[in-house]
Amino acid sequence: MRTTAQPIFSPVGFLRGSSFILGGSRMDIASAQREKLHRLIREAVDKAAASGELTFTEIPEFVLETPKDPNHGDFASNVALVSAKAARKSPLEVASILVKYIPVGGFITKVEVAGPGFINFFLSQEWLGDILRAVELQGENYGASNYGQGERVLLEFVSANPVGPLNVVNARAAAVGDTLARLLRACGYGVGTEFYVNDAGNQADVFARSLIARCRQLIDPDYPFPEEGYPGDYVIDLAKRLLVEKPEVLELPEEEQLAFCKRWGTDQMVAGQAADLRGYGVEFDLWFRERDLHAQGRLEELIEFFRDKGHLYEEDGALWFRSTTFGDDKDRVLIKSDGAYTYVTADIAYHHDKLKRGYTKLIDILGPDHHGYIGRMKAAVQALGYGEDTLEVLILQYVALLRDGKPVKMSKRAGEFVTMRELVDEVGRDAARFFFLMRSLESHLDFDLDLAVEQSSENPVFYVQYAHARICSILRQAEEAGIGVPTTAEVDLSLLTEEAEINLIKKMGELPEEILLAATLREPHRIARYALDLAGIFHSFYTHCHVLGEEAPLRDARLVLVKCVQTVLRRSLELLGISAPEQM
RNA sequence: GCGCCUAUAGCUCAGAGGAUAGAGCACUGGCCUCCGGAGCCAGGAGCGCAGGUUCGAGUCCUGCUAGGCGCACCA
């Protein structure tokens with residue numbers, strides 16, 4: 001069973017190998033430099049092979065990375081390191097042979113062999129200008145690509161039961177799923193987002209009975225509350241509203257009453273969840289109702305489909321799906337001996353529906369308590385006739401809220417837990433999203449409530465937003481002084497020589513690649529960290545370099561630079577679903 | 001018992017098999033005649049344990065240890 005996140009395509013061959021191709025009509029210029037270097041390296045390998053100096057059966061995949069240490073050049077490749085074995089020479093020997101075939105000139109000012117056998121490339125200033133021109137040209141689309149070529153991906157996330165308010169893990173899932181959707185769209189995928197509403201199962205029945213009991217208690221305080229009922233106060237509030245909206249509900253025959261409360265109650269919960277999510281910046285393309293699957297006979301269809309394929313058998317009065325054929329730990333019951341469908345039956349029918357609607361990649365984002373679910377669903381998708389990797393399940397880990405450095409106690413059984421709405425009310429939508437997106441999915445994250453509301457540089461979300469607000473302030477004052485922001489073509493970009501300026505430009509050049517990595521590796525936290533890095537470099541620039549007040553040529557070049565940083569910061573924040581305030 | 005996640009600086013966390021393992025916080029000391037000090041600059045310390053694969057392992061494999069979570073004819 002494969003339980004870790006599987007990229008849609010392995011990005012390895014794509015990013016590190018020979019073909020860095022961004023589709024669409026406008027190729028990203030900064031990445032075009034990278035592509036040129038890739039090609040030059042491959043040509044050098046071919047020439048070295050032709051001359052007999054190197055012998056390969058095939059060229060291994062290699063990395064072209066931006067070194068942390070600027071002394072290692074603008075780009076560095078490990079091609080010699082990874083191909084040393086195939087060449088039966090030391091990495092240093094391979095590297096020194098290859099550099100002979102890499103022509104210096106044009107945008108390449110120097111090529112050298114360093115360390116254990118890296119080939120370091122030093123580029124002319126011109127390529128930095130290319131980055132700024134790319135940002136200017138592409139603006140709000142900077143970093144987008146057509147890598148996905150329209151492949152249809154369905155992201156399902158949150159999918160909380162409609163029996164209570166959303167919790168903090170739901171909030172984490174919402175932030176991660178929404179940003180992943182934005183990232184995949186930016187990479188040219190045809191993305192759909194869905195929330196599966198589990199409104200037909202036992203839990204919905206229990207919820208309906210809890211609601212009825214609360215209604216009766218409002219009339220007769222001694223009326224007993226079901227032992228396994230939902231204890232939260234929100235059920236009482238809902239009961240009050242129900243008695244106002246439909247006072248005759250308690251007069252209905254029991255079965256009708258239950259059916260009504262189940263439908264009405266879950267609808268109310270769904271409406272509340274949708275409103276909370278909207279306030280959090282998350283809108284779903286579709287809220288898919290489990291009850292529709294039942295009403296449309298889709299479960300029966302699924303059973304017939306599986307029966308035809310021979311995936312079913314009966315035992316102990318129940319109908320079983322032989323999921324072990326497809327690598328599941330054990331077979332699963334689809335119809336219980338009492339004739340009722342199990343939860344998994346409906347969920348398989350739902351996934352079948354997604355596939356029939358033309359999605360070729362399904363991504364489910366689930367909480368940590370559902371990891372045991374992966375095997376059976378991957379088995380189901382295969383039994384439906386699709387490849388093992390069609391379904392990809394991302395498991396989020398738990399969230400611990402910290403106040404005064406101590407965990408906030410939560411008890412689901414007692415109905416005491418912090419809801420997503422409370423969290424967002426307390427720390428704000430931007431801080432909540434950023435804190436969830438800062439960490440990798442699999443981290444068990446500590447959410448520091450005190451830090452999230454702090455208005456200081458210690459609070460990462462403020463740190464990033466403040467950088468944006470500072471830029472806006474500069475541009476505003478320029479405008480007030482009658483100084484327009486020029487275009488890259490109108491200024492002398494070679495005046496940007498300060499370390500902070502160079503670092504800013506290089507960092508901006510990394511965004512397209514970061515977006516691609518974040519999307520394909522399912523690592524949205526890369527973008528949050530990217531935004532923090534870029535903001536940090538900007539703050540340093542701000543302290544060391546002035547914009548307004550400098551001589552016109554330098555001032556104008558810096559205005560262009562600052563304008564570009566604004567675009568890139570805005571773009572990063574937009575991908576995170578976080579606002580970019582002009583003033584704070 | 002089986003499965004999943006985690007273990008990196010005092011704390012919270014990054015780290016695409018590669019160069020000297022990085023940030024932030026905390027602690028200490030500096031920086032405002034100047035575009036927003038909600039900022040900047042400078043200082044110490046670390047990969048849970050044991051093997052293995054590799055030219056090279058925080059990263060991959062195996063076995064331990066510790067913490068979190070899950071193992072239904074519940075959803």
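Throughout, protein chains are lettered first and strands after them, A, B, ... in sequence-line order, and every chain is numbered starting at 1. Note: hydrogens, waters and symmetry copies are ignored here, and every other heavy atom, side chains too, is used.
Following rounding to the nearest Å, A/L441 (CG) and B/rC4 (P) show an atom-to-atom distance of 18 Å. Regarding A/I471, its CD1 atom lies at a distance of 15 Å from the C1' atom of B/rA38, rounded to whole Å. Here the P atom of nucleotide B/rU12 and the CZ atom of A/F447 are 16 Å apart, to the nearest Å. Note: CD (A/E499) to C1' (B/rC40) measures 13 Å, nearest angstrom. Atom-to-atom, NZ of A/K68 to P of B/rA19 comes out at 6 Å; the value is rounded to the nearest Å. Taking atom NE2 on A/H444 and atom P on B/rC69, their separation rounds to 10 Å, with Å as the unit. What separates OH of A/Y463 from C1' of B/rG37 is a distance of 13 Å, to the nearest Å. What separates CZ of A/F538 from P of B/rG36 is a distance of 10 Å, to the nearest Å.
A/T179 contributes atom OG1, which lies 9.0 Å from atom CZ of A/F157 (distance to the nearest 0.5 angstrom).
Side chain A/E523 to base B/rA14: no donor-acceptor pair is found below 3.5 Å. Checked by distance alone, A/H539 brings no side-chain donor or acceptor within 3.5 Å of a matching partner on the base of B/rC40.
You'll find that the side chain of A/P91 is closest to B/rC55, out of B/rC55, B/rA16, B/rA19. Among the nucleotides B/rU12, B/rG18, B/rC41, the one closest to the side chain of A/R439 is B/rU12. Closest to the side chain of A/Y466, out of B/rU54, B/rG36, B/rC25, is B/rG36.
Each salt bridge (Lys or Arg N to Asp or Glu O under 4.0 Å) pair with one or both residues in residues 555-565 of chain A, not counting sequence neighbours, appears once here: A/E501-A/R558, A/E550-A/R558. Sorted by first then second residue, the salt bridge (Lys or Arg N to Asp or Glu O under 4.0 Å) pairs that include residues 450-464 of chain A, not counting sequence neighbours, number zero.
Helical stems in RNA chain B, defined as runs of 3 or more consecutive Watson-Crick or G-U wobble pairs with both donor-acceptor distances under 3.5 Å, are listed by first residue as B:1-7 with B:65-71, B:10-13 with B:22-25, B:27-31 with B:39-43, B:48-52 with B:60-64.
The P atoms of B/rC4 and B/rA9 are separated by 26 Å, rounded to the nearest whole Å. Taking the P atoms as reference points, B/rG10 lies 29 Å from B/rC64, given to the whole Å. If you take atom C1' in B/rC74 and the same atom in B/rU53, they sit 44 Å apart, rounded to whole Å.
Within the nucleic acid shown, A/N120 comes within 4.0 Å of at least one base atom, counting heavy atoms only. Residue contacts for A/L445: at a heavy-atom cut-off of 4.0 Å it reaches the sugar-phosphate backbone alone, with no base atom in range. Within 4.0 Å of A/M584, counting heavy atoms only, lies at least one base atom of the nucleic acid. Here A/A467 lies out of heavy-atom contact (under 4.0 Å) with every strand. Using a 4.0 Å heavy-atom cutoff across all strands shown, A/Q583 reaches at least one base atom of the nucleic acid. Within 4.0 Å of A/S90, counting heavy atoms only, lies no atom of the nucleic acid at all.
The two residues A/V94 and A/A84 have their closest heavy-atom pair at CG2-CA, 4.1 Å. Considering all non-hydrogen atoms of both residues, A/P165 and A/M269 come closest at N-SD, 4.4 Å.
Using the six-membered ring where Trp is involved, A/Y196 and A/Y350 have ring planes that are parallel, under 30° apart on the 30 and 60° scheme. Using cut-offs of 30° and 60° for the angle between ring planes, the A/F538 and A/Y542 rings count as tilted.
Nucleotide B/rC32 carries a syn base; the chi torsion (O4'-C1'-N9-C4 or O4'-C1'-N1-C2) is within 90° of 0.
For the ring-ring contact (aromatic ring centres under 6.0 Å, His included) test, no residue two or more places apart in sequence or in another chain qualifies with A/F434. Looking at residues two or more places apart in sequence or on another chain, you find a ring-ring contact (aromatic ring centres under 6.0 Å, His included) between A/F447 and A/F435, A/F436. A search for side-chain hydrogen bond (donor to acceptor under 3.5 Å, both in side chains) contacts involving A/R439 returns nothing, not counting sequence neighbours. For A/H72, there are no side-chain hydrogen bond (donor to acceptor under 3.5 Å, both in side chains) partners at least two apart in sequence or on another chain. Every residue two or more places apart in sequence or in another chain was checked for a side-chain hydrogen bond (donor to acceptor under 3.5 Å, both in side chains) with A/K89, and none qualifies.
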Identify all pairs in which a protein N or O lies below 3.5 Å from an N or O of nucleotides 27-35 of chain B, and state each distance.
| unit_1 | atom_1 | unit_2 | atom_2 | d |
| --- | --- | --- | --- | --- |
| B/rC34 | O2 | A/H546 | NE2 | 2.7 |
| B/rC35 | O3' | A/Q477 | OE1 | 3.2 |
| B/rC35 | O3' | A/Q477 | NE2 | 3.1 |
| B/rC35 | O2' | A/Q477 | OE1 | 3.0 |
| B/rC35 | O2' | A/Q477 | NE2 | 2.6 |
| B/rC35 | O2 | A/V547 | N | 3.4 |
| B/rC35 | O2 | A/L548 | N | 2.9 |
| B/rC35 | N3 | A/V547 | N | 3.1 |
| B/rC35 | N4 | A/Y542 | O | 2.8 |
| B/rC35 | N4 | A/C545 | O | 2.5 |

Show me, pair by pair, the donor-acceptor contacts under 3.5 angstrom made by side chains of residues 465-478 of chain A, not counting sequence neighbours?
| unit_1 | atom_1 | unit_2 | atom_2 | d |
| --- | --- | --- | --- | --- |
| A/Q465 | NE2 | A/D430 | OD2 | 2.9 |
| A/Q465 | NE2 | A/S579 | O | 2.9 |
| A/Q465 | NE2 | A/S579 | OG | 3.3 |
| A/Y466 | OH | A/R470 | NE | 3.3 |
| A/H468 | ND1 | A/A580 | O | 3.4 |
| A/H468 | ND1 | A/P581 | O | 2.9 |
| A/H468 | NE2 | A/R570 | NE | 3.2 |
| A/R470 | NH1 | A/H539 | ND1 | 3.1 |
| A/S473 | OG | A/Q477 | NE2 | 3.0 |
| A/R476 | NH1 | A/E582 | O | 3.3 |
| A/Q477 | NE2 | A/S473 | O | 3.4 |

Tell me which donor-acceptor pairs under 3.5 Å the side chains of residues 314-323 of chain A have, and how far apart each pair is, sequence neighbours excluded?
| unit_1 | atom_1 | unit_2 | atom_2 | d |
| --- | --- | --- | --- | --- |
| A/W320 | NE1 | A/E315 | O | 3.2 |
| A/S323 | OG | A/D328 | OD2 | 2.8 |
| A/S323 | OG | A/K330 | O | 2.8 |

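Nearest-nucleotide positions on RNA chain B place A/R526 closer to the 5' end than the other of A/R526 and A/N71.
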Whether each nucleotide of nucleotides 70-75 of chain B has a protein heavy atom under 4.0 Å at its base (B), only at its sugar-phosphate (S) or at neither (-) is summarised, 5' to 3', as S--BSB
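Note on A/H525: every side-chain N or O is 4.0 Å or more away from OP1 and OP2 of B/rC13.
A distance cut-off of 5.5 Å between ring centres, combined with a plane angle under 30°, places A/F118 in a stacking arrangement with the base of B/rA19.
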